[in-house]
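These notes concern the structure reproduced below.
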2 protein chains.
Amino acid sequence: MKRSSISDIAKRLGVSNTLVSMVLNGKAKENRISEETIKRVFEVAKELNYQPNQLARGLRTGKSKTIGLIVADISNPFFSRIGRKIEDEASKYGYHVIFCSSDENTQKTKTLINVLNERQVDGFIISPTAGSQQQIKELLDSDIPVVLIDRYFTELETNYIAIDNYTSSYKIVKSLIVQGYKRIGSLFFNTDMVHMKHRMNGYKDACKEAGIQLDERWIRNVDFENLEESIKKEMKALISPEIDCDSFFFPTGELAVKSLEGLAEDDIHIFNHTGISCFDDPEAFHFSPFPVITLTQPINEIGNKAIDIIMEEIESENEVDSPRKVILDSHILERRYESH
Amino acid sequence: MKRSSISDIAKRLGVSNTLVSMVLNGKAKENRISEETIKRVFEVAKELNYQPNQLARGLRTGKSKTIGLIVADISNPFFSRIGRKIEDEASKYGYHVIFCSSDENTQKTKTLINVLNERQVDGFIISPTAGSQQQIKELLDSDIPVVLIDRYFTELETNYIAIDNYTSSYKIVKSLIVQGYKRIGSLFFNTDMVHMKHRMNGYKDACKEAGIQLDERWIRNVDFENLEESIKKEMKALISPEIDCDSFFFPTGELAVKSLEGLAEDDIHIFNHTGISCFDDPEAFHFSPFPVITLTQPINEIGNKAIDIIMEEIESENEVDSPRKVILDSHILERRYESH
DNA sequence: TTGAAAGCGGTACCAG
DNA sequence: CTGGTACCGCTTTCAA
């Protein structure tokens, strides 16, 4: 069955394309088209199984009804869950989402922004990577709606949605300390993004304020490239007799999971009395035999807000007022699965 | 900075749109355009920051360079990992992916197929839902490339990629039995999809062949709606004194995780000697204190093959030969995290 | 070597 | 109540 177009319907009925277009777009009433004609248009449209061509419509109207989502990695549960929420919310507005993974790579982010632009997306939701503020700035300058999620740039006046990373991280580490841990090792991504810095500062301050003398060797950096290897190396340092940490703070769930898995691969297993804590609430710890302090983020709210803001901007003709900066709450969770 | 078009470039140079288009599409050589002109076109294109409008191009060429991916739920790790692979592979061909979640809902699937069609996607990769074979059939009839993943319809001649569900399930249950379990409870989604049936048959046959007298009460069905509640109810039946299962087989990782989490919510925790087994290899069991038998599926291969096949069909002009039916290997994994 | 013109499928504007 | 016409930005003959 070949695709039919508006003019197929028009020809069949001996009317103009204009009329058919108006009827199909619900503008029949305001143009006072006869009931009879309206009915016949719909009949023929159904009969020919008419489906509007969104490319054509988009070309004409300048709206693709598509939003571009760029995250570090869509297979990371944190992002895929946000992605799902965004998908659902966007669809309420008749929008669809193109998902892209940047792998925290600046060059890739640049390319992705470009190709999404070529596809005329009506807005961007981005979890930005270090070094990409120039790209983001160009987007802003071109007046296309942008919302950043999870991270943002302090130097850039943009919409963003995030949690209070400093406080969250402070709370997590504080909880560890309350439980009696005194030598808290940590792994950070080697990046300039402020969310990482904030998470690090929260960790440091929680230690300091508890009177814990921070040992610089407790703080290790890992690279995005060769992540697994890098993690293994640093974790082994942290548990070595010289450093001998009794607990860990991980600024992302991914780091936490990969760290413990990395050790397990080399048959190094965590002791039940080792303190583990991290951002996010990775599924991997839902049946953990050892206690883990996690931080649940308001995934649904992030997705919700992101679409709210982006839609507001897309649908408002006039220039955007001041950017919306949203900081959401996060919650500490103490996990431990007790099997018998 | 306003978007510039081909004609902006053409005007600036005092040449025709045709020429600019040809140069920009690398067809300069075959049309013997002068080096000088080529150079200037590129210069001006860069200067004006030209970005081709893919909607316009798509409208003209009939190719949107987009593929539609429909899965049950993109936030399910099994699907998000496949999605990521598909994204990566597609991008090698200059294609992008619109992700959609069907929630295993027939009506929603129908709608999604429609809107993706309106967006002129060049191909579909679908993990189909029960009751949607009519839709799939219509897609096939309209000669648009389709690849099914994870599941398929026996009555439909389509491309598909899946694993051998019967054998996989048989192997899993067999492993449980070898470990001495004798009363194996199970939870199945209440669906007509063959993959579920195959998984059920593998389970049944493994029991039978081991001389285990199957108790019909061991086999419970859960609904997609009210999944969590439904699971809780059935799990409680399975562990009740009357039925008293000593182990479980779950045909998906999601079911396994939700089952144990559901019980834990009501403070019912699994015994270390309870046998747990499931399809997929959910992260939730990576630090499980109790032993779990899981089944790793070849995620990357599934994504790879899906794109291979879809691209082959998209790029070949002529009618498709016979559908490609791919069955991939899966692997049993015995997990248990030993903490001290 | 290059250009003119048509057309992909819609929508918008202006007439009648 | 309805139609004509231009045009969104690009590709594709065909002609020069």
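Keep in mind that the numbers below use all heavy atoms, side chains included, and drop hydrogens, waters and symmetry copies. Chain letters run A, B, ... following the sequence lines, proteins first and then strands; every chain starts at 1.
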Exercise. Do B:Ser101 and B:Asp103 get their side chains close enough for a donor-acceptor pair, meaning under 3.5 Å?
Worked result: no

For this session: Have a look at A:Ile6 and say if it touches a base, only the backbone sugar-phosphate, or nothing, with a 4.0 Å heavy-atom cut-off.
Result: sugar-phosphate

Problem set entry | Separation of C:dG9 C1' from A:Asn25 CG (nearest whole Å) | 12 Å

For this session: Output yes when at least one side-chain N/O atom of A:Thr37 is less than 4.0 Å from OP1 or OP2 of D:dC1, else no.
Result: no

For this session: Answer yes or no: does a side-chain N or O of A:Asn17 lie under 4.0 Å from OP1 or OP2 of D:dG3?
Result: no

Exercise. Parallel, tilted or perpendicular for A:Phe99 and B:Phe99, by the 30°/60° rule?
Worked result: perpendicular

For this session: Please determine if a side-chain N or O atom of B:Lys27 lies less than 4.0 Å away from the OP1 or OP2 oxygen of D:dT11.
Result: no

For this session: In sequence, state the C-alpha distance, the side-chain angles, and the governing distance for A:Arg12 and A:Asp8, and then conclude on salt bridge (Lys or Arg N to Asp or Glu O under 4.0 Å).
Result: CA-CA 6 Å; A:Arg12 183 81 87 93; A:Asp8 292 329; over 6 Å; no

Exercise. D:dC8 P sits how many Å from B:Gln54 CD, rounded?
Worked result: 19 Å

For this session: Starting at atom CE of A:Met22, determine the distance to atom P of D:dT2, rounded to an integer number of angstrom.
Result: 8 Å

Exercise. With sugar-phosphate meaning primed atoms plus P, OP1 and OP2, does A:Leu19 contact a base, only sugar-phosphate, or nothing at under 4.0 Å between heavy atoms?
Worked result: sugar-phosphate

For this session: Could you check how far NZ of B:Lys63 sits from C1' of D:dG9, rounded to whole Å?
Result: 19 Å

Seminar exercise, completed: Rounded to whole Å, the CZ-C1' distance (B:Arg60 to C:dA6) equals 8 Å

For this session: Indicate, with a heavy-atom threshold strictly under 4.0 Å, whether A:Gln51 touches base, sugar-phosphate, or nothing.
Result: sugar-phosphate

Problem set entry | Nearest to side-chain heavy atoms of A:Val15, which nucleotide of C:dA12, D:dG3, D:dC10 | D:dG3

For this session: Considering just the side-chain nitrogens and oxygens of B:Ser34, establish if one lies under 4.0 Å of OP1 or OP2 belonging to C:dT2.
Result: yes

Problem set entry | B:Lys85 atom NZ, over 12 foreign heavy atoms within 6.0 Å | yes

Problem set entry | Quiz item: A:Ser21 side-chain donor-acceptor pair to C:dA12 base, under 3.5 Å | no

Exercise. Looking at A:Ser16, does any N or O in its side chain come under 4.0 Å of the phosphate oxygens OP1/OP2 on D:dG3?
Worked result: yes

Problem set entry | B:Arg151/B:Glu104 salt bridge by N-O under 4.0 Å criterion | yes

Exercise. Whole-Å distance between D:dT11 P and B:Ile33 CD1?
Worked result: 13 Å

Problem set entry | Short side-chain N/O contact from A:Arg57 to OP1 or OP2 of C:dG9, under 4.0 Å | no

Exercise. Roughly, in whole Å, what's the span from CG in B:Asn53 to P in C:dC8?
Worked result: 18 Å

Problem set entry | 5'-most by nearest nucleotide on DNA chain D - B:Thr18 or A:Thr18 | A:Thr18

Exercise. Tell me: NZ of B:Lys11 to P of C:dG3, nearest whole Å?
Worked result: 14 Å

